[in-house]
Amino acid sequence: MAKKVKAIVTLQIQAGKANPAPPIGPALAQHGVNLMGFVKDYNARTANRIGEIVPAEITIFQDGSFRFILKSPPTAFLIKKAAGVPKGAGNSIEETVGQLTRQQVREIAEVKFNDMNALDIEAAMKQVEGTCRNMGITVVD
Amino acid sequence: MGQWVEVTLHVDGEAAEAVAQELQKFCHQGVSIEQGGAMPIAWDEDEHPQPEYLIVRGYYADDDRAAETKQKIDQVLVYLNMMYPVGEAMYHTVQDENWADAWKVHYKPVRLGKRILIRPRWIEVETQPEDVVISLDPGMAFGTGTHPTTQLCLEALELVVEPGIDMLDLGCGSGILSIAAAKMGAQDIYAVDIDPVAVKTTIENADDNGVGEAITSEAGSLEAVLETGRQFDLVVVNILAKIIIPMCDNNLGQTVKPGGLAVFSGLIEDQVEEVEAALRKTGLEPYQRLQQTDWVAVLAKRPA
């Protein structure tokens with residue numbers, strides 16, 4: 001079919017728990033996307049990942065039809081999991097909540113690489129380190 | 001109905017994830033990220049136009065804790081801004097809506113050609129006995145009937161479908177064209193798409209419209225059709241020009257019976273001559289054009 005894209009929307013939402021309320025409703029309804037169709041399909045495909053944030057990237061075509069892919073969890077989620085901390089620092093300038101090794105940073109960068117705007121793994125690692133700093137997590141060699 | 005506070009930030013690609021992460025802590029079920037600024041009206045799937053900025057958006061209930069939530073978000077943004085410029089949040093209240101149904105306002109019954117009527121499944125319409133009525137639930141396959149390329153194909157079908165013919169629908173999407181052809185009397189329709197979701201949707205839509213028996217749908221490409229050696233009275237291809245042209249170089253014309261007809265849609269006005277030249281190379285003779293806005297469909301025949 002002669003598909004032309006009119007919008008791409010990313011929803012960073014809880015696996016298995018999508019519902020038509022904001023932000024999903026307003027983000028998709030404005031483009032004529034079959035909302036319950038998306039919600040059911042997303043929940044079915046993420047049912048085994050409850051507790052994770054699984055972003056969905058939705059490509060919306062000119063006639064309102066759509067398709068979506070699941071992306072890797074946000075960097076911050078992977079960092080918290082790797083560092084074993086429940087949440088990042090409220091004020092990361094004054095507070096440190098945990099640490100990661102450079103090897104762990106590399107592993108996270110590898111998971112996220114395809115979803116990042118990074119030319120190589122080194123650049124991706126820099127972005128992950130930036131997120132670490134922002135969360136009050138120090139990176140050690 | 002309640003109200004929501006919508007919080008929005010315009011940020012660059014590097015800041016988007018950090019901002020989304022922070023907003024997520026305060027917002028209902030997560031955040032959305034959209035492209036902002038000047039974007040093309042539409043683009044091909046394999047193109048990646050760069051947005052001027054990204055819009056990160058979240059919502060929280062406009063209740064007695066709303067002021068406190070706003071204060072917390074602003075505080076977090078102060079810290080973020082010390083490390084990387086992310087700008088300030090904009091806040092405004094929005095009314096709760098029935099979002100589960102709000103999207104449906106984009107779809108209305110459409111009349112096309114002489115007697116084709118496409119109706120969204122949830123809307124009942126008055127029909128005439130000779131109407132070709134297609135009911136559809138828009139979803140994950142292209143072909144909701146609202147796009148000019150689909151509409152042009154449907155009008156073309158009205159001109160070329162004869163009772164009893166067999167047909168190939170190459171790139172069937174939602175199955176809308178196959179369903180229309182079946183309702184006009186085509187008997188043996190082979191609907192293929194490289195996307196398995198499209199195949200599933202076509203089968204469901206065909207059954208819902210009572211023409212499941214006339215339509216066989218399978219995942220496949222032009223190569224797969226050529227391998228079967230089958231030829232058809234009518235071939236309908238609603239794909240973009242840049243896909244149709246290489247298909248022509250790959251014996252697309254062989255799928256049409258000698259003396260048979262073909263319809264090509266998904267062409268922008270200035271691509272038509274190039275597509276017609278490609279059609280001639282694969283043994284087809286273009287004989288008519290249909291146009292709606294800058295979209296064109298070409299009708300062609302294979303000499304007997």
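Throughout, a chain's letter reflects where its sequence line sits, starting with A, and its residues are numbered from 1. Any value given below was found using the heavy atoms of this structure, including those in side chains, with hydrogens, waters and symmetry copies removed.
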### Task
Measure from the side-chain N and O atoms of Asn81(B) to the backbone N and O of Val86(B), and report whether any donor-acceptor pair falls under 3.5 Å.
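Confirmed, Asn81(B) side chain pairs with Val86(B) backbone.
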
### Query
Would a distance-only check, ignoring hydrogens and angles, find a side-chain to backbone donor-acceptor pair under 3.5 Å from Lys112(A) to Pro73(A)?
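Yes; at least one donor-acceptor contact below 3.5 Å.
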
Salt-bridge test for [X] and [Y]: reply yes if a basic N is under 4.0 Å from a carboxylate O, no otherwise.
X        : Y        : value
Glu52(A) : Lys81(A) : no
Lys4(A)  : Glu45(B) : no
Glu68(B) : Lys72(B) : yes

### Query
With a distance cut-off below 6.0 Å to the six-membered ring centre and an angular limit of 45° from the axis, does Arg67(A) pair with Phe61(A) as a cation-pi contact?
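Not satisfied by the 6.0 Å and 45° rule.
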
Taking [options] one by one, which has the highest count of heavy-atom pairs under 4.5 Å against chain B?
options                                : value
Pro55(A), Ala7(A), Ala18(A)            : Ala7(A)
Gly130(A), Ala56(A), Ala21(A)          : Ala21(A)
Pro26(A), Gly64(A), Gly88(A)           : Pro26(A)
Pro22(A), Ala27(A), Ala29(A)           : Pro22(A)
Pro74(A), Pro20(A), Ala76(A), Pro23(A) : Pro23(A)

What part of [X] lies closer than 4.5 angstrom to a heavy atom of chain B: side chain, backbone, both or neither?
X        : value
Asn19(A) : both
Val5(A)  : both
Ile60(A) : neither
Lys17(A) : backbone
Gln30(A) : both

Under 4.5 Å heavy-atom distance to chain A, tell me which part of [X] shows up: side chain, backbone, both or neither.
X         : answer
Trp4(B)   : side chain
Met140(B) : both
Ala20(B)  : both

### Query
Looking at Glu22(B) and Asn134(A), what are the two nearest heavy atoms and their distance?
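The answer is OE2-ND2, 4.4 Å.
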
### Message
For a quick check under 3.5 Å, do Tyr107(B) and Asp63(A) share a side-chain donor-acceptor pair by atom type?
### Response
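There is no such pair between these side chains.
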
### Query
How are the rings of Tyr42(A) and Phe68(A) set relative to one another: parallel (under 30°), tilted (30 to 60°) or perpendicular (over 60°)?
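Tyr42(A) vs Phe68(A) ring planes: tilted.
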
### Message
At a heavy-atom distance under 4.5 Å, which candidate from Glu6(B), Met39(B), Gln24(B) has the highest pair count against chain A?
### Response
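Heavy-atom pair counts peak at Gln24(B).
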
### Task
May I ask you to name which of Ala102(B), Pro138(B), Gly139(B) has the most heavy-atom pairs under 4.5 Å with chain A?
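Ranked by contacts with chain A, first place is Gly139(B).
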
